[in-house]
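Okay, structure first, notes after.
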Amino acid sequence: MDANFYEQVYEVVRLIPKGRVTSYGAIAKALGAAKSSRMVGHAMAYAGSASPKIPAHRVVNSSGLLTGRFHFSPPTLMQELLEEEGIIVANDKIKNFKKVFWDPLQEI
DNA sequence: GGATTGACGTGTC
DNA sequence: AGACACGCCAATC
């Protein structure tokens, strides 16, 4: 597949530093498809079939909510991994979201 | 090939 | 602040 869009999404997600998270909208905007934020979500859905594995647990929605946690093998894995990296997650949502938020536009 | 859905975002009530 | 509506595009039915 030459879905360059997806590859760009994967690349950005892989660039997310440890202990940091980003939002679909931020990635979409970084790729110039801010209005197509859903495509980012689809790309992440493909992440499970993509290689190497994508740290999709570091990608949340604009509210810092772990919307796609049920797509993980154990739905709790997402929160576990985030907490492992020092990110506080409560009620499926990132606590210090603003502090751990990583903007791809700043790196790319 | 039309209709439905979706790991979303933003605006409005 | 919580709920509802619209937009956007791709994949699946």
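The shown structure was predicted, so the numbers you read here are calculated from the model rather than taken from an experiment. Residue numbers begin at 1 in each chain, while the letters A, B, ... track the order of the sequences.
If you take CG of L65(A) and P of dT10(B), they are 14 Å apart, rounded to a whole angstrom. Rounded to whole angstrom, the span from the CZ atom of R58(A) across to the P atom of dA7(B) amounts to 22 Å. Between K53(A) atom NZ and dA7(B) atom P the separation is 19 Å, expressed in whole Å. Whole-Å rounding puts the N61(A) CG to dG9(B) C1' distance at 9 Å. Distance NZ (K29(A)) to P (dC8(C)): 17 Å, rounded to an integer number of Å. Taking atom CZ of residue F70(A) and atom C1' of nucleotide dA7(B), one finds them 12 Å apart after rounding to whole Å.
The CZ atom of R14(A) sits 4.0 Å away from the CD1 atom of I54(A) when rounded to the nearest 0.5 Å. A distance of 7.5 Å separates CD of Q8(A) from CD of E11(A), quoted to the nearest 0.5 Å.
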Show each protein N/O and nucleotides 3-7 of chain C N/O combination with a separation under 3.5 Å, one pair to a line.
unit_1: dG7(C); atom_1: O6; unit_2: R38(A); atom_2: NH1; d: 3.2

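Here the side chain of H42(A) is nearest to one of dA7(B), dG9(B), dG6(B), namely dG6(B). In the set dG9(B), dA7(B), dA10(C), the nucleotide with an atom closest to the side chain of M44(A) is dA7(B). Closest to the side chain of S23(A), out of dA10(C), dG9(B), dC8(C), is dG9(B). In the set dC8(C), dA10(C), dA7(B), dC8(C) carries the atom at the smallest distance from any side-chain atom of S36(A).
Residues P55(A) and I16(A) are not in side-chain contact: their nearest non-hydrogen atoms beyond the backbone lie 4.5 Å or more apart. Between V12(A) and W102(A), the closest side-chain pair of non-hydrogen atoms falls below 4.5 Å. Between M44(A) and H71(A), every side-chain heavy-atom pair lies at or beyond the 4.5 Å cut-off. R58(A) is listed as a side-chain neighbour of K18(A), based on a closest heavy-atom distance under 4.5 Å.
Residue A28(A) is classed as having no contact, given no heavy-atom separation below 4.0 Å to the nucleic acid.
Residue Y6(A) places at least one side-chain N or O closer than 4.0 Å to OP1 or OP2 of dA11(C). Side-chain nitrogen and oxygen atoms of Y46(A) include at least one within less than 4.0 Å of the OP1 or OP2 phosphate oxygen of dT12(C).
Residues from residues 76-93 of chain A lying near DNA chain C, meaning a heavy-atom separation below 4.0 Å, are absent.
Put simply, the side chain of Y10(A) never gets that close to the backbone of P52(A): no donor and acceptor are under 3.5 Å apart. The main-chain N or O of K93(A) is never found under 3.5 Å from a side-chain atom of N91(A) such that the two would form a donor-acceptor pair.
In the hydrophobic clustering, F72(A) connects to V21(A), V60(A), L66(A), L77(A), M78(A), L81(A), L82(A), I87(A), V89(A), I94(A), F97(A), V100(A), F101(A), either directly or through intervening members, whenever side-chain heavy atoms lie under 4.5 Å apart.
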